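Numbers for residues simply follow the sequence, beginning at 1. Indexing begins at 1, ligand by ligand and atom by atom, following the structure's order. Atoms considered below: every heavy atom in the structure, side chains included; atoms not considered: hydrogens, waters and symmetry mates. Everything numeric here is computed off the predicted structure, so don't read it as measured data.
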Amino acid sequence: MLKSLLALLIVAVSAVPLAAQPPQPGPVRAIRAGRLLDPEGGRILTNQIILVSGTRITDVGPNVPIPSGAQVIDLSGMTVLPGLVEAHNHLALTYKPEPESNIYYYTYVQESTALRAIQAASNGIQMLSSGFTIVRDMGNNALYADTALRQAIEQGWIPGPTIINSGIIIGGLGGQFFPTPEMAKQHNIVYPEYLDADTPDEIVKAVRQNVLFGARVIKICVDCKPYGYTADEIRLFIREAAKVGMKVEGHVQTQAGARNAIDAGIWSIAHSGALTDELHKLMAQKGIWRAGTETPDTLAGHPVSPQAYQRTVAGLKNAYENKVNLSFSTDADYYVVGKTRGEVCMEFLKVWKDAGIPNADILRAMTINGYRISETEKTRGPIKPGMFADIIAVPGNPLDDIMALKSVQFVMKDGEIFKKDGIMVPEKFFHGGPVNGWRIR
Ligand SMILES: [Zn+2]
């Protein structure tokens with residue numbers, strides 16, 4: 001009896017996810033931060049020392065003694081801040097001019113899930129290099145390439161941000177595509193890019209499929225089709241996802257869809273095109289997150305008309321003025337020649353600047369709000385004892401010039417140095433096996 005109980009206990013303990021494990025013993029590192037940015041207070045603290053033991057922060061302050069034998073990391077000429085969050089991306093999808101004329105309809109015909117998973121691994125590394133230590137990966141990742149990415153990072157195979165992934169986007173028949181009857185009826189082209197769910201039974205089943213295959217958040221197409229979801233149907237998604245503690249993000253492109261999503265009390269709304277002053281006020285009242293995906297007008301090969309750009313900027317400004325919960329979320333799934341995925345995401349800072357949002361609040365959206373929308377705030381983010389050590393550094397002061405974030409020189413993830421002096425040094429992140437355990441699913 002005792003023996004079998006013990007065996008059960010061992011299984012239970014090894015199945016505990018990474019985030020719930022107690023601090024691991026490991027090397028002690030001391031970071032000398034010339035300037036430490038506190039995004040919550042919107043202020044700079046000078047001459048701070050951050051102690052990191054293994055994967056976690058153990059102490060921070062001006063007079064923290066450095067234990068003998070600790071590795072000292074000198075960032076005394078830099079601004080140190082917690083890792084950044086990108087709240088809406090698709091790491092296993094890349095719009096490209098060649099061969100598919102930026103039409104992702106063809107991407108998933110041309111590229112296998114396996115190839116897209118490898119792209120996701122590469123894009124994850126590119127994001128981390130730009131300082132994004134958490135990415136919400138919101139679907140369009142073929143047959144769960146997003147889950148594979150998250151597992152590979154969490155198990156310890158490769159470096160990458162903490163991934164909060166959605167699995168397959170769930171929508172009414174056809175998803176975001178307009179398939180031919182052959183494609184739609186045989187379910188072998190729209191799926192796996194979209195998961196059709198048109199009835200209550202199908203909604204429940206679709207959520208469960210994503211849960212089973214490793215999603216951490218549920219993504220739905222609220223109104224991609226004229227027969228989009230009603231508020232009651234969205235409530236059903238929310239209830240089913242809540243059973244496993246997950247939230248629901250809705251892709252929204254019409255005002256009617258936004259109204260249904262807000263009425264149902266959805267967690268987050270992706271895309272801002274349909275959001276009006278009135279809808280922003282309702283979102284603010286209910287605390288609904290806005291994952292706006294505001295595209296800048298500077299991306300080579302992805303033109304935005306001046307009128308469209310003005311609307312985007314005005315929309316973001318209006319949301320800010322209405323005190324809507326804002327996340328930094330780009331939807332940047334394009335290949336821009338000469339830029340990494342992380343650098344493309346940083347181009348989106350221009351929209352926030354053009355909307356007149358103070359730097360301190362842009363930084364809050366990229367950090368504090370990011371931890372909240374991704375529900376990682378209890379374990380990751382703030383530079384405080386007990387939190388995972390996800391720490392970055394930039395020259396200059398992003399409170400004075402937000403564009404300083406474009407030159408991230410130092411990145412620490414889970415206490416390990418990923419980038420130093422502007423150069424990626426990720427050797428320590430590569431392992432020949434799942435060093436953190438194969439049970440991480
Ligand atoms: Zn998207």
Where do [X] and [Y] come nearest, in terms of heavy atoms and distance?
X    : Y    : result
V52  : A389 : CG1-CB, 3.7 Å
P296 : V304 : O-CG2, 3.4 Å
L143 : P192 : CD1-CB, 3.4 Å
Q176 : Y194 : OE1-OH, 2.8 Å

Less than 2.8 Å from the Zn ion (ligand 1) is the window; count the protein N, O or S atoms in it.
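Of the protein's nitrogen, oxygen and sulfur atoms, 3 lie under 2.8 Å from the Zn ion (ligand 1).
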Is the closest basic N to carboxylate O distance between K317 and E294 below 4.0 Å?
no
Check whether any side-chain heavy atom of S329 sits under 4.5 Å from a side-chain heavy atom of W289, and report yes or no.
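Not in contact.
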